[in-house]
Amino acid sequence: MIKKFLDLGMQPLANNYLRKNDLTRKKKELFYHLEVGFDYKTKLISILNRVPSKKMFDDNYPYRSSMSKTMLLSFKKLSTYLKFNYNPNCILEIGSNDGSLIKNFSKKKVICVEPCRNVAKITQKLGYKTFSDFWDINLARKIKKMNKNVDLIYSANTLSHISNLDSVFKSICHVMTDKGILIIEDPSLLECLKNVSYDQFYNEHIYVFSLISINEVIKKYELEVFDIEKLNTHGGSLRYYIKRISNKRFKKTIRVKKQLQEEIRFKLNKYDTFVKFKKKVEKSRKNLKQIFYNIKKKGEKIIGYGATAKASTVLNYCNIKNETIDYFLDTTPEKVKKFMPGTHIFIEPYNKKNLYAADYVFLGAWNFKNEIFKKEKKFIKQGGKFITHISKPHIIKKYLFRK
Ligand code: JHZ
Ligand code: SAH
């Protein structure tokens, strides 16, 4: 049984950036009701009203992993680790996007799966075998016939985007060799709760996983987590190392036990925890609106930094629109000169002039704040101020300039 605990209102598709003529067109922007629930059986947290995959991941998909140095570095580090520790024969990446991970591997060793044709073209052009399809059993069968002995399957920020987890894991088990390993990486529910980052819930993020729920889901397929890594990426993610129960080559590490203990201590397996979270979310909305109101009352200018799916979720939930935020800055060519979904805030290309025109900058890409602060050291020194809602709405006073 799934029980609702959070209502984030009517929301547009978070990655549906609009062109000027979309704003005046009769065909209305698509909105869905964003509600989040807790499954008593599996302890999975999921959104309740799901948008069909084809509507979200089409041939105009704008997200590019390579827009952040943090992600490129994280993928590079992982590839070095994987080469050294597992020396894979054939790697299959599900949700390969623009190839930010696989470009660290030899073309002969890689199979990419990326349904959005505009994005899949990027890795195809680089010479990597890329299937522009959604991950399912038909594709798994096709790949199996290639006789490539897929001994490493990697999927970051993608499995949480697929509603039918039964199909996901059955298809994985179909192609993965007996001694193969599966590595998945997604935002951590524990960090999401600690950060009150309710913006991890939106149409694409059907699930926000915990180790508890992953364990529950995969045991049916005779799979188990044998190692886990905590990552700082995307506001705190978990990287799960998974193998078949029958594969005795890898021992379960102490990290798995520790993570489980921490999640249980935090009561991620209890509905009431999420009711408390909901109250924090409502308070967060009230306080963020107040901050914006106070700044606007003084006649100062606010812009956004990083036109993220998360920012779209926050601003639509808080009803903060283009009267409050003049524009967003973003480096992604596919997003600039378009409008944020729902709030219709314009997205300007990132440049110093557009940045320095602001008194306050709302951190849409709060998950990359260290990278952004380092880049904008001068702006901060000259008095530029950032606003964030993580973990509580506030104007940032202390900046960390990490190397
Ligand atoms: P970022 C998307 O979420 C959607 P979003 C998706 N559902 C998901 O799970 C994650 O990605 C992986 C810009 N930027 O990664 C680039 C700058 O302009 O937080 C991006 O548009 N300057 C698949 O959208 C955005 O911010 C910079 O210096 O919430 C970051 O988007 C940096 C660092 C980023 O994902
Ligand atoms: N792995 C990258 C990209 C994450 S974006 C990273 O971590 O940065 C999520 C990607 O998953 C998108 O490129 C999207 O097109 C893809 N995707 C969404 N649904 C999918 C499905 N059912 N099967 C395979 N890929 C999917």
Side-chain angles (χ1 to χ4, degrees), residues 13-15 17 52-75 78 92-102 112-120 122-123 130-136 139-140 154-165 167-168 171-172 184-187 197 199-208 231 233-235 237 239 304-314 328-336 340-341 347-351 354-355 363-376:
L13 303 192
N15 262 311
Y17 300 89
S53 290
K54 282 187 180 156
K55 277 207 160 34
M56 304 191 278
F57 305 107
D58 59 13
D59 298 339
N60 295 308
Y61 192 63
Y63 183 71
R64 299 290 175 272
S65 313
S66 62
M67 286 299 123
S68 117
K69 281 189 188 147
T70 311
M71 289 316 292
L72 289 174
L73 198 71
S74 171
F75 291 135
L78 174 67
L92 168 69
E93 188 182 5
I94 306 171
S96 48
N97 198 265
D98 60 3
S100 293
L101 172 88
I102 54 94
C112 301
V113 176
E114 174 46 61
C116 304
R117 236 173 293 164
N118 62 326
V119 189
I122 303 173
T123 50
T130 308
F131 288 93
S132 190
D133 287 305
F134 289 97
W135 177 248
D136 64 9
L139 181 57
Y154 176 72
S155 190
N157 303 301
T158 300
L159 298 194
S160 55
H161 296 54
I162 311 178
S163 185
N164 188 346
L165 291 178
S167 153
V168 164
S171 310
I172 284 173
I184 64 181
E185 183 177 319
D186 280 289
S197 52
D199 47 351
Q200 291 290 11
F201 301 110
Y202 55 90
N203 58 307
E204 293 183 12
H205 285 188
I206 295 169
Y207 304 100
V208 176
L231 307 170
T233 51
H234 292 302
S237 294
R239 189 177 276 154
Y305 197 121
T308 58
K310 295 184 291 291
S312 168
T313 309
V314 172
F328 262 85
L329 296 179
D330 203 285
T331 50
T332 317
E334 288 74 10
K335 293 184 183 178
V336 298
M340 290 287 278
I347 306 167
E348 291 279 9
Y350 170 80
N351 63 42
N354 286 337
L355 174 67
L363 262 179
W366 57 266
N367 44 314
F368 296 126
K369 72 171 199 265
N370 293 338
E371 179 177 338
I372 293 170
F373 293 165
K374 198 175 141 203
K375 198 158 121 189
E376 308 308 349

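Being a predicted model, the structure only gives us computed values, none of them experimental. Both ligands and their constituent atoms are indexed starting at 1 by order of listing. One is the number of the first residue; the rest follow in order along the sequence.
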Could you pull out the N/O contacts under 3.5 angstrom between ligand 2 and the surrounding protein atoms?
{"residue": "ligand 2", "atom": "1 (N)", "partner": "Gly95", "partner atom": "O", "Å": "2.8"}
{"residue": "ligand 2", "atom": "1 (N)", "partner": "Ala156", "partner atom": "O", "Å": "2.9"}
{"residue": "ligand 2", "atom": "7 (O)", "partner": "Ala156", "partner atom": "O", "Å": "3.4"}
{"residue": "ligand 2", "atom": "7 (O)", "partner": "Asn157", "partner atom": "ND2", "Å": "2.8"}
{"residue": "ligand 2", "atom": "8 (O)", "partner": "Ser65", "partner atom": "OG", "Å": "2.7"}
{"residue": "ligand 2", "atom": "11 (O)", "partner": "Thr158", "partner atom": "OG1", "Å": "3.2"}
{"residue": "ligand 2", "atom": "13 (O)", "partner": "Asn97", "partner atom": "ND2", "Å": "3.0"}
{"residue": "ligand 2", "atom": "13 (O)", "partner": "Glu114", "partner atom": "OE1", "Å": "2.6"}
{"residue": "ligand 2", "atom": "13 (O)", "partner": "Glu114", "partner atom": "OE2", "Å": "3.3"}
{"residue": "ligand 2", "atom": "15 (O)", "partner": "Glu114", "partner atom": "OE2", "Å": "2.6"}
{"residue": "ligand 2", "atom": "23 (N)", "partner": "Trp135", "partner atom": "N", "Å": "3.0"}

- Query: By side chain to side chain contact (heavy atoms under 4.5 Å, CB included), which residues pair with Ala365, not counting sequence neighbours?
  - Reply: Thr308, Asn367, Phe368, Ile372
- Message: Is it the case that the side chain of Ser132 and the backbone of Pro115 share a donor-acceptor pair, with hydrogens and angles ignored and the cut-off at 3.5 Å?
- Response: yes
- Task: Any chance you could lay out the side chain to side chain donor-acceptor pair (under 3.5 Å) test for Glu204 and Tyr63, step after step, and finish with the verdict?
- Result: CA-CA 12 Å; Glu204 293 183 12; Tyr63 183 71; over 6 Å; no
- Find the distance between CG (Leu101) and CG (Asp98) and round it off to the nearest 0.5 Å. 11.0 Å
- Query: Is Lys310 paired with Asp199 through a side-chain N to carboxylate O contact shorter than 4.0 Å?
  - Reply: no
- Sequence neighbours left out, what passes side chain to side chain contact (heavy atoms under 4.5 Å, CB included) with Ala309? Give chain and number order. Ala14, Asn15, Tyr202
- Query: How are the rings of His161 and Phe57 set relative to one another: parallel (under 30°), tilted (30 to 60°) or perpendicular (over 60°)?
  - Reply: tilted
Show the distances, to 0.1 Å, for all pairs joining an N/O atom of ligand 1 and a protein N/O atom that are shorter than 3.5 Å, listing one pair per line.
{"residue": "ligand 1", "atom": "3 (O)", "partner": "Tyr202", "partner atom": "OH", "Å": "3.3"}
{"residue": "ligand 1", "atom": "7 (N)", "partner": "His161", "partner atom": "NE2", "Å": "2.7"}
{"residue": "ligand 1", "atom": "7 (N)", "partner": "Tyr202", "partner atom": "OH", "Å": "2.9"}
{"residue": "ligand 1", "atom": "7 (N)", "partner": "Glu204", "partner atom": "OE1", "Å": "2.7"}
{"residue": "ligand 1", "atom": "7 (N)", "partner": "His205", "partner atom": "NE2", "Å": "3.4"}
{"residue": "ligand 1", "atom": "9 (O)", "partner": "His161", "partner atom": "NE2", "Å": "3.3"}
{"residue": "ligand 1", "atom": "9 (O)", "partner": "His205", "partner atom": "NE2", "Å": "2.7"}
{"residue": "ligand 1", "atom": "15 (O)", "partner": "Tyr63", "partner atom": "OH", "Å": "2.8"}
{"residue": "ligand 1", "atom": "18 (O)", "partner": "Thr331", "partner atom": "N", "Å": "3.0"}
{"residue": "ligand 1", "atom": "18 (O)", "partner": "Thr331", "partner atom": "OG1", "Å": "3.3"}
{"residue": "ligand 1", "atom": "19 (O)", "partner": "Lys310", "partner atom": "NZ", "Å": "2.8"}
{"residue": "ligand 1", "atom": "19 (O)", "partner": "Asn367", "partner atom": "OD1", "Å": "3.3"}
{"residue": "ligand 1", "atom": "19 (O)", "partner": "Asn367", "partner atom": "ND2", "Å": "2.9"}
{"residue": "ligand 1", "atom": "21 (O)", "partner": "Asp330", "partner atom": "OD1", "Å": "3.0"}
{"residue": "ligand 1", "atom": "21 (O)", "partner": "Asp330", "partner atom": "OD2", "Å": "2.7"}
{"residue": "ligand 1", "atom": "21 (O)", "partner": "Thr332", "partner atom": "OG1", "Å": "3.2"}
{"residue": "ligand 1", "atom": "21 (O)", "partner": "Lys335", "partner atom": "NZ", "Å": "2.7"}
{"residue": "ligand 1", "atom": "24 (O)", "partner": "Ala309", "partner atom": "N", "Å": "2.8"}
{"residue": "ligand 1", "atom": "28 (O)", "partner": "Lys375", "partner atom": "NZ", "Å": "2.7"}
{"residue": "ligand 1", "atom": "29 (O)", "partner": "Ala309", "partner atom": "N", "Å": "3.4"}
{"residue": "ligand 1", "atom": "29 (O)", "partner": "Lys310", "partner atom": "N", "Å": "3.4"}
{"residue": "ligand 1", "atom": "29 (O)", "partner": "Lys310", "partner atom": "NZ", "Å": "2.7"}

- Query: Where do Ser74 and Thr233 land on the side chain to side chain donor-acceptor pair (under 3.5 Å) test, with the steps shown first?
  - Reply: CA-CA 8 Å; Ser74 171; Thr233 51; 4.8 Å; no
- Under 3.5 Å donor-acceptor, Asp330 side chain and Lys335 backbone: no
